[in-house]
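Take a look at the structure below.
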Protein chains: 2
Amino acid sequence: MRTQQPALKTPARIPSDALQRVWVALGRVSQGVQCEVETALKEAGFPELSWYTVLWELERAGTPTRPKDLAVPLFILPYQLSRLVDRMEKSGLVKRIACKEDKRGHLLELTAKGLALRKAMWAVYAPAMDEALKRINDSEALELARLLNKLGGIEHVDCSDKA
Amino acid sequence: MRTQQPALKTPARIPSDALQRVWVALGRVSQGVQCEVETALKEAGFPELSWYTVLWELERAGTPTRPKDLAVPLFILPYQLSRLVDRMEKSGLVKRIACKEDKRGHLLELTAKGLALRKAMWAVYAPAMDEALKRINDSEALELARLLNKLGGIEHVDCSDKA
DNA sequence: GAGTTTTAGTTGCGAACGCAACAACCAGCG
DNA sequence: CGCTGGTTGTTGCGTTCGCAACTAAAACTC
């Protein structure tokens, strides 16, 4: 299987009790809040969150964008995005337009309908997110975000964006 | 901005910047670590985490257990569990046995093979979890777990168990 | 004890997924 | 140029998923 480390770097450790608690809590809580928000969107007749994030990234970019440039920030695999765009294009939210610089790929363009849907979804998404996270206050939230980002190896994100 | 609270229904609040940061971080980080561990299991030729959790719950119960009693702690829907058990039974990890108290359902019994697999998976699972969470130390982990549990509305879990 | 409601669990079906293979193009080098 | 290797994105296929409808048994009602 995997080649043994040259030195005694990783001795196949068992996570401490504290880490196991984090693991359990992270799984349960993220699934819980995620599910809560997804349910709110579904009940309002909207598509799932992944659609929103594609629309939002395109809107934020402000210009037609290559799938590969979307896939990375969205933590999504190319074939997943390919099929997601298939569906979204079929629904008229997005359009594949030619890319003259690189004929392998194309650019994804947000349609007016896509833009409208993203805004409509935000009207449900935002309150649902607020509701799902209501049990902590702002200072706890900042500390929680800091610890999560440290856990994920994310340095000092300065994101002042939606979602 | 919004000083109204006792008014009517839901004021449709927009989450604060701090809460939005939590939302983003929670999604990204939980997906990241989850994926890391799943990948380790897959590379070792093991089934996915949900199989482990079923095996572990059954082992922890120490006695054949009703699906409904498994579904709740696992945050899983009945039909999901039904098909998961289908596959696990087909692999000989679990057995459906009759339940004389309630003939609608049955009991799930861990087989020797199932027990062995759970142990074998833990040998990969544990180091993978440790590796995925290595960026925080124990005191940070405790604080993180506390905040997550508060966020999820989970009171004072005393879990001294694996996963 | 017949009739109704609730609960436990399964299943048919269409949609979505993961993987590995693939076509198409670019880029580098002889 | 022709060849090789890497990148971009798609697709065939088998598996899994989500929903709603379903069977069966229990529990509750009169």
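What you see below is based on every heavy atom in this structure, not just the backbone, and it leaves out hydrogens, waters and symmetry mates. Every chain is numbered from 1 and lettered A, B, ... according to where its sequence line falls, protein lines coming before strand lines.
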Begin with the C-alpha distance, continue with both residues' side-chain angles, and end with the deciding distance and a verdict on side-chain contact (heavy atoms from CB on, under 4.5 Å) for Gln34(A) and Val37(A).
CA-CA 5 Å; Gln34(A) 195 87 7; Val37(A) 171; over 6 Å; no
Quick one: what's the B/S/- string for nucleotides 7-15 of chain C, heavy-atom cutoff under 4.0 Å, read 5' to 3'?
BSSBBBB--
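- Membership of the apolar cluster around Ile97(A) extends to Leu107(A), as traced through chained side-chain contacts below 4.5 Å between ILVMFWY residues.
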Which donor-acceptor pairs under 3.5 Å do the side chains of residues 138-147 of chain B make with protein atoms, sequence neighbours left out?
{"unit_1": "Asp138(B)", "atom_1": "OD1", "unit_2": "Ser16(A)", "atom_2": "OG", "d": "2.9"}
{"unit_1": "Asp138(B)", "atom_1": "OD2", "unit_2": "Ser16(A)", "atom_2": "OG", "d": "3.4"}
{"unit_1": "Ser139(B)", "atom_1": "OG", "unit_2": "Asn137(B)", "atom_2": "OD1", "d": "3.1"}
{"unit_1": "Glu140(B)", "atom_1": "OE1", "unit_2": "Asn137(B)", "atom_2": "N", "d": "2.9"}
{"unit_1": "Glu140(B)", "atom_1": "OE2", "unit_2": "Lys150(A)", "atom_2": "NZ", "d": "2.6"}
{"unit_1": "Glu143(B)", "atom_1": "OE1", "unit_2": "Arg146(B)", "atom_2": "NE", "d": "3.2"}
{"unit_1": "Glu143(B)", "atom_1": "OE2", "unit_2": "Arg146(B)", "atom_2": "NH2", "d": "3.1"}

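- By the 30° and 60° cut-offs, the orientation of the rings of Trp122(B) relative to Tyr125(B) is perpendicular.
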Please step through side-chain contact (heavy atoms from CB on, under 4.5 Å) for the pair Leu133(A) and Val33(A), ending with a clear verdict.
CA-CA 7 Å; Leu133(A) 304 180; Val33(A) 299; 4.2 Å; yes
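- Taking every heavy atom of residues 32-51 of chain A and every atom of DNA chain D, pairs under 4.0 Å involve Lys42(A), by number.
- To the nearest 0.5 Å, atom CG of residue Leu108(A) and atom CG of residue Leu81(A) are 6.5 Å apart.
- Rounding to the nearest 0.5 Å gives a distance of 3.5 Å between OH of Tyr52(A) and CZ of Arg118(A).
- Residue Leu55(A) comes nearest to Gly114(A) through the heavy atom pair CD1-O, 3.7 Å, listed as atom of the first residue, atom of the second, then distance.
- The heavy-atom pair separating Ala126(B) from Pro15(A) by the smallest distance is O-CD, 3.2 Å.
- From the 5' end on, the contacts that DNA chain D makes with chain B at under 4.0 Å to a non-hydrogen atom open and close at dT16(D) to dA26(D).
- Note on Arg21(B) versus Asp17(B): salt bridge recorded, some NZ/NE/NH1/NH2 to OD/OE distance being below 4.0 Å.
- Taken over five-pair windows at either terminus, the axes of the helix from dG1(C)-dC30(D) to dG30(C)-dC1(D) are inclined to one another by 10° (rounded to 10 degrees).
- By the 4.0 Å N-to-carboxylate-O rule, Glu89(B) lies too far from Lys95(B) to be salt-bridged with it.
- Panel note: side chain Lys113(B), backbone Ser91(B); a donor-acceptor pair is recorded below 3.5 Å.
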